[in-house]
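These notes are about the structure you will find just below.
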Amino acid sequence: EDKVVQSPLSLVVHEGDTVTLNCSYEVTNFRSLLWYKQEKKAPTFLFMLTSSGIEKKSGRLSSILDKKELFSILNITATQTGDSAVYLCAVAGGTSYGKLTFGQGTILTVHP
Amino acid sequence: DVKVTQSSRYLVKRTGEKVFLECVQDMDHENMFWYRQDPGLGLRLIYFSYDVKMKEKGDIPEGYSVSREKKERFSLILESASTNQTSMYLCASRPGGVGNEQFFGPGTRLTVL
């Protein structure tokens, strides 16, 4: 059974802090790992990672994948209150049609 | 922009009622998905469809069925709603092929009394 585990489950920081969110997985026929941000609406896509060691970056957010150790991290530097959200990690694997297995999510709260 | 819409944002139903949740996408995507999201459990896949009239069970299909009569529309059906089906339901769509992300609708918060 495919499995994705995120840690921590929740995190409270102050503006300006740097945070690291973790995602580990056990998936057959790994294809890609995706990060989504979810505020009080639909999850929005952040990154898709398919290759080990190549950092993807978008503004203050960055992510990297380690396919040997089966994990990914999502970094957010200089956090802002607008970063408060649930961050979801998902892995595409198996033989099905883009089926994703999601982790539990990390609830990030950024205080002013 | 890809747009995935769901028929209701909030829905309240009674135990035993038949419930239809509708999802429509406007980007001609082959694959469509229904998830439920519960605190501490993340998103769990109920059913998905990779083509019109084609469907596959996800991880938690019990108590649910689906229908895909047209490519743009994917319906989730609760034949006889129960209180443990109170949840947030999210629909997603995705183009065919490798390396494509899923695009999500805004969700329907269903309460079964």
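Atom OG of residue A/Ser24 and atom NZ of residue A/Lys3 lie 8.0 Å apart, to the nearest 0.5 angstrom. Separation of atoms CD (A/Gln6) and CD1 (A/Ile107) is listed at 10.5 Å; rounding is to 0.5 Å.
Ranked by non-hydrogen atom pairs under 4.5 Å with chain A, the options B/Asp38, B/Leu43, B/Leu41 are led by B/Leu43. Considering only heavy-atom pairs separated by less than 4.5 Å from chain A, the leading option among B/Gly42, B/Gly40, B/Gly107, B/Ser49 is B/Gly42.
Using a 4.5 Å heavy-atom threshold, the side chains of A/Phe102 and A/Tyr36 count as touching. Residues A/Phe71 and A/Asn22 form no side-chain contact, since every pair of their non-hydrogen atoms from C-beta on lies 4.5 Å or further apart.
The part of B/Arg9 that comes within reach of chain A is its side chain, from C-beta onward, which places non-hydrogen atoms under 4.5 angstrom from that chain. Neither the backbone nor the side chain of A/Glu1 comes within contact range of chain B; no heavy atoms are under 4.5 Å apart. For chain B, the nearby parts of A/Leu100 are the backbone and the side chain; heavy atoms of each come within less than 4.5 Å. Residue contact with chain A, scored on non-hydrogen atoms closer than 4.5 Å, involves the side chain of B/Gln37 exclusively.
No donor-acceptor pair under 3.5 Å is formed between the side chain of A/Glu26 and the backbone N or O of A/Asp2.
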